Protein chains: 2
Amino acid sequence: MSKPSIPQGTRDFSPAEVRKRQYIFNTLQAIFEQYGFQPLETPAMENLTTLIGKYGEEGDRLIFKILNNGLHEKKDADKEKLNEEWATMLSKPYNTPKVTERALRYDLTIPFARYVVMHQHELAFPFRRYQMQPVWRADRPQKGRYREFWQCDADVVGSTSLINEAELLCIYRRAFHDLNLPQVVVKINSRKLLAGLAEVCNASEQMMDITIALDKLDKIGWDGVTGELKQRGINDTGIAKIAEIINVTGTNEEKLSALEQIMSTSAVALEGIKELRDTLAYHDTLKDGNWSSELMVDISLARGLNYYTGVIVEVVCNAVKMGSIGGGGRYDDLTGLFGLKNMSGVGVSFGIDRIYDVIEELNLFPEEVASGKQTLILNFGGEDERYALNILQQLRNAGVSAEIYPDSVKFDKQMKYANKRNVTYVIIVGEEERKANKLSLKNFVTGEQELLSIEEAINIIQG
Amino acid sequence: MSKPSIPQGTRDFSPAEVRKRQYIFNTLQAIFEQYGFQPLETPAMENLTTLIGKYGEEGDRLIFKILNNGLHEKKDADKEKLNEEWATMLSKPYNTPKVTERALRYDLTIPFARYVVMHQHELAFPFRRYQMQPVWRADRPQKGRYREFWQCDADVVGSTSLINEAELLCIYRRAFHDLNLPQVVVKINSRKLLAGLAEVCNASEQMMDITIALDKLDKIGWDGVTGELKQRGINDTGIAKIAEIINVTGTNEEKLSALEQIMSTSAVALEGIKELRDTLAYHDTLKDGNWSSELMVDISLARGLNYYTGVIVEVVCNAVKMGSIGGGGRYDDLTGLFGLKNMSGVGVSFGIDRIYDVIEELNLFPEEVASGKQTLILNFGGEDERYALNILQQLRNAGVSAEIYPDSVKFDKQMKYANKRNVTYVIIVGEEERKANKLSLKNFVTGEQELLSIEEAINIIQG
């Protein structure tokens with residue numbers, strides 16, 4: 001028998017890992033609920049037609065497709081068609097409904113759009129939903145990149161108000177505050193500023209070229225970006241203008257004022273600036289002064305090649321070397337893919353796996369999260385066992401998390417279990433304790449041991 | 001564009017449904033944690049070799065297999081092999097690693113066994129884990145049967161103590177008590193009694209035949225069972241013995257005493273009776289007198305064709321017409337499938353979807369579970385909006401779940417939203433309220449409206 005294993009790029013989550021992940025999920029969920037977002041869950045499997053063509057050619061290739069069942073039970077005539085389709089599939093990996101018509105969810109956005117379109121007549125708009133579920137991608141696995149990973153999205157559809165943008169900024173800041181992450185910067189920009197930037201460079205058609213080059217500023221520096229801009233045909237005047245714009249510094253309002261001057265000829269840039277100002281003003285009314293993160297206008301923020309049309313946002317934690325831990329923005333037409341037009345939306349995403357890694361690296365998981373607070377009663381069998389079970393029942397009635405070692409094996413073996421299990425307290429009830437109607441409570445962290453009544457022990461454990 | 005849809009047998013869970021499901025999950029999780037069970041999560045995808053052959057031939061057919069990616073990018077030589085495998089697959093749906101080498105989780109038990117074997121050197125045994133995750137089966141969808149559904153299992157491996165059985169009985173009773181389910185019966189039996197039954201019928205080889213027939217007692221009645229037993233070659237003396245045994249009535253102890261008499265010649269039956277007696281005694285020490293369910297020895301309980309070897313258990317809710325809502329038992333050799341011998345285990349499973357249906361049918365979900373307790377602030381724009389945002393911020397600081405309607409559209413439209421959204425309170429802040437530094441709080445359930453200070457409103461909402 002070969003050693004069992006799991007597929008490359010997937011993970012088992014041990015008890016400690018599940019608890020730490022739940023701590024993150026629970027923290028985010030409480031915030032979403034407080035902000036009036038509602039939970040949604042969609043199936044792991046979607047129809048392949050729902051997914052294909054939505055993520056670009058690269059995406060299509062990375063979708064995990066599910067083989068139709070019962071292929072071997074088909075009639076011969078059907079098998080002929082199956083064979084034809086199979087041949088097609090070996091040259092192009094889709095449009096093969098007889099071989100595969102279902103696939104695993106690739107992100108949470110497309111299923112969300114599909115859900116909104118399917119339920120448009122029942123939903124109350126604006127519809128605010130949050131969703132925390134796994135997605136699957138056939139990417140090459142590498143450190144920190146998995147084939148099964150969790151996304152956590154919050155979106156509002158059916159409202160163009162910038163209050164939504166401000167609320168989502170607050171959700172980000174509140175979340176990273178509640179998770180105790182230090183040196184968090186929430187960066188904000190607008191696709192309209194990027195369009196304006198292209199306009200003032202006299203290269204309106206090349207907004208995406210400029211965006212792609214700018215997006216690499218963090219990685220390749222200004223010299224690298226200059227090279228790329230030249231290569232993409234932006235002239236020196238344009239490059240000088242871009243340099244001037246991305247070198248703008250100061251407070252957010254100082255930056256916006258400077259940009260307003262530099263891009264005064266671009267209507268779309270001025271619109272973007274106004275939107276950022278309004279968003280920041282809403283945010284300032286809604287924010288909590290205690291939040292430790294920084295909110296920063298960053299004109300170089302581009303958010304890659306996606307469907308955003310207005311305000312965009314990205315979160316980094318400067319306390320560790322890691323990519324962004326969140327991002328999002330406004331998109332004007334998401335549900336249009338499924339036939340429902342004019343449904344503007346705005347959303348943010350939390351990078352759960354990276355957030356986990358940051359908290360782990362900085363050792364910021366609260367102490368009791370990983371182990372649970374657990375009490376173990378040792379088992380010496382016979383009369384002692386009966387007495388121990390009675391204590392167990394009383395502990396649980398009082399709401400204490402407790403277990404008994406189920407077999408009356410050697411003391412050492414039971415203590416070894418307690419140690420490996422990382423319990424907080426061990427209760428020892430031998431003849432002496434039983435006759436005195438007491439118990440010995442050992443604090444497994446400090447090593448201290450006391451002879452106590454059950455009530456006293458419960459008080460200490462619950463304290 | 002065709003209307004979007006989801007695959008047959010899968011479900012979207014709306015906000016209200018997610019909340020109700022979470023209520024069930026949270027209730028169970030709290031109990032598992034209190035009883036010292038630890039959470040485990042395994043990936044949705046397993047290697048096909050891990051799953052194939054573990055669920056019988058029928059099971060193998062119902063496993064959802066995932067197509068390998070990048071088939072169309074293979075070289076011609078590889079494609080030839082692919083084609084060969086494809087031909088094989090059309091006659092037998094597995095052993096085709098070039099076409100498919102991964103599959104979706106079919107249950108939680110096999111992945112658990114696989115996990116225990118992979119991590120046997122790190123785990124503290126006895127290892128108690130609970131797991132609540134979806135599984136996928138290509139069954140024909142029908143009412144109450146889905147292709148994606150949730151299982152919720154709690155198991156202990158590495159201990160033969162009957163304290164484990166008793167703890168799992170307590171978990172069942174506590175869970176259905178906490179979920180307020182009426183008329184719940186937890187039935188208990190032992191595979192050893194079934195073996196004894198075959199023995200005293202002089203048909204030891206036919207324990208499975210007798211078990212299969214008996215398992216249908218609820219559905220086809222005693223006459224039907226008699227017919228089937230005859231057909232399976234059990235003679236009249238045997239059938240009379242079986243009738244005598246399943247007609248035993250009384251309290252659990254009365255039943256066990258009677259069975260002890262009737263099956264006194266069977267060593268295995270006597271062992272089963274002792275195990276049931278010990279389990280019940282442990283249970284009585286650990287139980288809480290408030291639990292409303294009944295715990296009943298039921299000699300006709302068989303739990304189908306599975307791997308149980310000792311105590312078996314099943315739960316029904318007699319308040320509704322529905323199959324069992326939970327079941328489990330002891331299995332002596334689960335991890336042996338993956339090369340780790342002598343690892344006895346015992347576990348129970350909760351039928352989440354059925355439990356949901358029972359609670360829904362009996363209208364037992366707590367009132368606030370489905371909607372969340374939500375407060376909506378209406379938005380009249382301009383100065384009123386600024387004032388409203390300020391109130392929103394104060395509500396959230398006080399821990400209240402609240403949202404503002406993000407656009408200052410017509411009053412009617414906002415009220416329609418409030419209605420559809422099923423909010424508990426609506427806050428109205430127009431010029432009058434703003435100038436008085438107050439707000440109007442409308443209780444959306446009673447229709448009552450009051451002019452209040454923010455502090456007063458917070459007190460009422462939190463009350």
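Remember, predicted model here, so these are calculated numbers, not experimental data. Chain naming here is simple, since letters A, B, ... match the order of the sequence lines and numbering starts at 1 in each.
How far CG of D139(B) is from CZ of R61(B): 9.5 Å, rounded to the nearest 0.5 Å. With values rounded to the nearest 0.5 angstrom, L104(A) atom CG is found 12.5 Å from R137(A) atom CZ. Going from atom CD of E46(B) over to atom CD1 of I63(B) covers 10.5 Å, rounded to the nearest 0.5 Å.
Evaluation of the side chain to side chain donor-acceptor pair (under 3.5 Å) rule for N68(A) yields no partner, not counting sequence neighbours. With sequence neighbours excluded, the residues satisfying ring-ring contact (aromatic ring centres under 6.0 Å, His included) with Y115(B) are H119(B). Judged as a side-chain contact (heavy atoms from CB on, under 4.5 Å), and not counting sequence neighbours, A281(A) has no contacts.
Interface remark: of the candidates A166(A), A44(A), A113(A), A44(A) forms the most heavy-atom pairs closer than 4.5 Å to chain B. Ranked by non-hydrogen atom pairs under 4.5 Å with chain A, the options Q8(B), K416(B), E73(B) are led by E73(B). Ranked by heavy-atom pairs shorter than 4.5 Å toward chain A, the options T50(B), N390(B), I404(B) are led by I404(B). Here I6(B) is the residue among N419(B), I6(B), N164(B), L392(B) with the most heavy-atom pairs under 4.5 Å with chain A. Your options are R174(A), Q374(A), E167(A), and the one with the most heavy-atom pairs under 4.5 Å with chain B is E167(A). The candidate with the highest count of non-hydrogen atom pairs below 4.5 Å against chain B, out of R421(A), R102(A), Q22(A), is R421(A). In terms of heavy-atom pairs under 4.5 Å with chain B, the best-connected choice from E17(A), E122(A), R19(A), K287(A) is R19(A). Annotation: maximal heavy-atom pairing with chain A below 4.5 Å, among P15(B), S14(B), G70(B), occurs at P15(B). The candidate from S159(A), A402(A), P43(A) with the greatest count of non-hydrogen atom pairs under 4.5 Å with chain B is P43(A). Per-residue counts of heavy-atom pairs under 4.5 Å with chain A were compared for E41(B), K74(B), E403(B); the largest is that of E41(B). Between chain B and the residues T10(A), D12(A), I163(A), the largest count of heavy-atom pairs under 4.5 Å involves D12(A).
Residue S408(A) does not touch chain B at all, counting heavy-atom pairs closer than 4.5 Å. Only the side chain of E385(B) comes within less than 4.5 Å of a heavy atom of chain A; its backbone N, CA, C and O stay farther away. Contact of N47(A) with chain B is made through backbone and side chain together, with heavy-atom distances under 4.5 Å. Looking at T42(A), both its backbone and its side chain come within 4.5 Å of chain B, counting heavy atoms on both sides. Residue contact with chain B, scored on non-hydrogen atoms closer than 4.5 Å, is absent for R129(A). Proximity to chain B (any heavy atom under 4.5 Å) is restricted, for F125(A), to the backbone atoms N, CA, C and O. With a threshold of 4.5 angstrom between heavy atoms, L67(A) approaches chain B through its backbone and through its side chain. Looking at L82(A), both its backbone and its side chain come within 4.5 Å of chain B, counting heavy atoms on both sides. There is no contact between T375(B) and chain A, counting heavy-atom distances below 4.5 Å. Looking at R11(A), only its backbone comes within 4.5 Å of chain B, counting heavy atoms on both sides. Of the atoms belonging to K373(A), not a single heavy atom falls under 4.5 Å from chain B. Both the backbone and the side chain of D407(B) have a heavy atom closer than 4.5 Å to some heavy atom of chain A. The contact between N379(B) and chain A is made entirely by side chain atoms (from C-beta outward), counting heavy-atom distances below 4.5 Å. Of the two parts of V400(B), only the backbone, made up of N, CA, C and O, holds a non-hydrogen atom closer than 4.5 Å to a non-hydrogen atom of chain A.
Closest approach of R128(B) to V156(B), counting heavy atoms only: CG-CG1, 3.9 Å. For L123(A) against V116(A), the heavy-atom pair with the smallest separation is CD1-CA, 4.0 Å. Pairing each heavy atom of R386(B) with each of T285(A), the nearest pair is O-CG2, 4.2 Å.
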Applying salt bridge (charged side-chain N to carboxylate O under 4.0 Å, His left out), run through D288(B) and R396(A) and close with a yes or a no.
CA-CA 9 Å; D288(B) 180 327; R396(A) 287 188 184 146; over 6 Å; no
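Annotation: cation-pi pair R147(A)/F64(A) absent, no NZ/CZ under 6.0 Å from the ring centroid and within 45° of its normal. In this structure, R21(A) is positioned above the aromatic face of F13(A), its NZ or CZ under 6.0 Å from the six-membered ring centre and within 45° of the axis.
Proximity of L71(A) to K79(A): side-chain heavy atoms (C-beta onward) are nowhere separated by under 4.5 Å. Using a 4.5 Å heavy-atom cutoff, the side chains of Y417(B) and P126(A) are in contact. Here the side chains of V117(B) and L337(B) are not in contact, with every heavy-atom distance at 4.5 Å or above. Contact annotation: the side chain of Q393(A) approaches that of N397(A) to within less than 4.5 Å [non-hydrogen atoms, C-beta and beyond]. The side-chain heavy atoms of W136(B) and R105(B), taken from C-beta on, include a pair separated by under 4.5 Å. Using a 4.5 Å heavy-atom threshold, the side chains of Q414(B) and L376(B) count as separate.
Residues of residues 29-39 of chain A having a heavy atom under 4.5 Å from any heavy atom of chain B, listed by number: Q29(A), E33(A), Q34(A), Y35(A), G36(A), F37(A), Q38(A), P39(A).
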